Amino acid sequence: MTDSRAVRVRFAPAPTGYLHVGSARAALFNWLFARHHGGTFVLRIEDTDAARSREEWIVGIQDTLTWLGLDWDEGPFLQGDRLDRYAAAADTLLASGRAYECYCTPEEVSARNDVARADGRSPGYDGRCRDLNSDQRAALAGEGRPRSIRFRTPDEGVSSFTDLVRGEVTVEWSTIADFVIVRSDGSPVFFLANAVDDAEMAITHVLRGEDLLDSTHRVLAIREALGIDGSPEYGHLPLLVGADRAKLSKRHGAVALEEFRDSGFLPDALVNYLALLGWAPEDGREVMTREELITEFDIGRVTHSAAFFDYQKLDWMNGEHIRALATDQLEALVVDAVRARWGEESNRELAVAAARLGQERATTIKALVDQADFLFVGDADFSISPDSWEKVAASERGMEVLDAVHAHITTCEWTAEAGAGGTDVRGVIEALGLKPRKVMSLLYVAIEGRHAGLPLFEAIHLLGRDRALARLDAVRVRLGGGLG
RNA sequence: GCCCCCAUCGUCUAGUGGCCUAGGACGCCGCCCUUUCACGGCGGUAACGGGGAUUCGAACUCCCCUGGGGGCACCA
């Protein structure tokens with residue numbers, strides 16, 4: 001951007017639910033754009049739909065943005081606090097004739113649209129109240145009909161603007177029907193509030209999803225009708241879609257940011273992955289820090305087509321970020337996660353050890369903690385997953401291996417210095433004439449309850465001699481050989 | 001039905017007329033490493049939707065078709 005004005009962008013969610021991953025992506029692009037240009041990032045809550053907006057979502061969205069690390073410089077501004085401005089704007093439009101009073105009810109309009117569709121005609125307000133005179137209006141009002149205010153779109157000509165990502169976008173006014181800007185309860189509708197606020201808040205650039213592309217013409221028309229000079233530049237971001245290429249929604253999988261947080265994804269990884277959905281830096285880097293993203297971000301490099309949200313690639317990305325974490329940072333995260341799961345008095349040393357052993361292999365914090373379950377679970381609750389057992393139940397000379405390992409663990413050196421060196425049972429297995437890798441799974445299952453997990457010798461050492469022996473015994477029994 | 005947007009490997013993308021027998025990443029497959037699983041390393045699989053036009057030359061420009069998506073609310 002070569003715009004000389006100081007950049008001011010905004011993220012303007014409606015507090016009608018949790019923060020959706022698509023909205024988060026829009027917030028991120030605005031934030032990156034603002035930070036890249038040293039501009040201002042404004043948070044505005046578009047709560048003009050009182051029926052669907054809720055206080056808890058206003059709080060929740062802010063919490064989630066904060067967790068993601070998308071800090072805002074101004075706001076949150078609530079449109080609910082600014083109703084007088086929208087009312088004034090509506091009066092202006094009414095006075096100039098750019099808007100008119102409409103006495104059709106939503107039900108009537110909807111019914112007429114259904115008929116239109118059924119007849120193969122285009123839906124959209126049919127203009128019934130467009131040219132009422134004052135007597136007609138008074139009569140309709142006299143019937144007790146509710147009054148809304150509708151914007152009168154131009155009858156001819158075109159609406160055109162230059163989109164930052166798509167270039168020139170033009171549409172004929174004749175295809176855009178008159179639309180409501182003030183509901184019959186007096187509350188403003190998105191188009192009006194949006195136009196007024198972007199002007200008053202001196203927003204210079206609007207980056208939002210492509211699903212809002214058509215509405216831009218209407219917002220721009222209101223600005224013009226209000227006599228507001230100039231307008232922000234608009235950039236419509238490609239949509240995020242699911243496996244069926246439709247707009248990403250709940251049925252495609254996790255879409256609430258909270259779900260990603262609770263699954264142990266790192267904010268930096270999510271930010272990194274989201275940034276790459278619809279944008280790529282010039283040099284093709286993929287794993288990037290927040291600072292690198294800010295430096296490289298360029299609205300001109302945003303792509304045009306919808307992007308599939310690939311959970312597998314997110315997993316990979318998260319693993320990359322876990323590995324890039326300073327060890328003490330990961331330790332802190334794992335300790336917190338372990339305590340959230342097993343209680344505040346959970347053994348900190350074990351959690352720290354698990355963090356270190358897991359850093360090289362984990363994709364999420366949750367998966368890492370899952371792998372460490374065997375360290376924290378009570379002995380009475382320890383169990384072996386059925387499919388893991390199935391994999392090892394027929395292990396070659398399993399009983400012999402267990403006996404030998406049991407004997408070794410019983411007598412091996414057990415000191416902090418020796419560590420996992422003492423619990424290394426490879427020699428024992430080789431002495432039986434077996435290849436360690438062939439029978440190791442059985443031991444993993446016995447000790448960790450699953451055939452894949454944290455390194456075995458370290459696991460045994462962390463578990464402690466008594467608990468380790470008890471688990472070996474349990475599997476000996478299960479294998480049918482008793483405790484000979 | 002009408003309007004708008006979009007179109008490169010399965011996926012995310014690089015590519016802005018010759019550097020492209022199309023590059024990278026995820027996934028997948030194989031090999032190596034290895035204390036299982038991972039991680040890591042190496043290699044492989046795999047794409048310019050179709051048709052015209054412009055040009056000495058098109059993934060890149062234009063047109064048509066096809067396909068996909070979005071919108072047409074007193075939601076945002």
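Quick note on labels: first sequence line is chain A, next is B, and so on, each numbered from 1. All values reported here derive from a predicted model rather than from experimental measurement.
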May I ask you to check whether [Y] and [X] place their ring centres under 6.0 Å from each other?
X: Trp279(A); Y: Phe297(A); answer: yes
X: Phe265(A); Y: His321(A); answer: no
X: Phe151(A); Y: Phe191(A); answer: no

### Message
Treating Asn272(A) as the side-chain partner and Glu286(A) as the backbone partner, does any N or O pair qualify as donor plus acceptor under 3.5 Å?
### Response
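Yes; at least one donor-acceptor contact below 3.5 Å.
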
### Message
Can you tell me the base-pairing partner of U61(B)? Count Watson-Crick or G-U wobble geometry only, both distances below 3.5 Å, and say none if there is no partner.
### Response
A53(B)

#### Entry: Of residues 12-24 of chain A, the positions that come close to RNA chain B - non-hydrogen atoms, cut-off under 4.0 Å
Ala14(A)

### Contacting residues from residues 358-374 of chain A, given that a heavy atom lies under 4.0 angstrom of RNA chain B
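Of all residues in residues 358-374 of chain A, the ones placing a heavy atom under 4.0 Å from RNA chain B are Glu360(A), Arg361(A).
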
### Query
Glu448(A) has an atom CD; how far is it from atom P of A38(B), in whole Å?
14 Å

### Message
Rounded to whole Å, please give me the gap between CG in Asp310(A) and P in A25(B).
### Response
15 Å

Close N/O contacts between protein and nucleotides 2-6 of chain B (under 3.5 Å):
residue : atom : partner   : partner atom : Å
C2(B)   : O4'  : Ser122(A) : OG           : 3.0
C5(B)   : O2'  : Arg166(A) : NH1          : 2.7
C5(B)   : O2'  : Glu210(A) : OE2          : 3.1

Over all strands shown, is [X] touching base, sugar-phosphate only, or nothing at heavy-atom distances under 4.0 angstrom?
X: Glu108(A); result: nothing
X: Pro455(A); result: base
X: Asp119(A); result: nothing
X: Arg437(A); result: base

### Message
According to a cutoff of under 5.5 Å between the ring centres and under 30° between the ring planes, does Phe308(A) stack with the base of U11(B)?
### Response
no

### Presence of donor-acceptor pair under 3.5 Å, side chain of Gln312(A) and base of U11(B)
no

### Query
Counting only side-chain N and O atoms of Arg112(A), is one of them less than 4.0 Å from OP1 or OP2 of A73(B)?
no

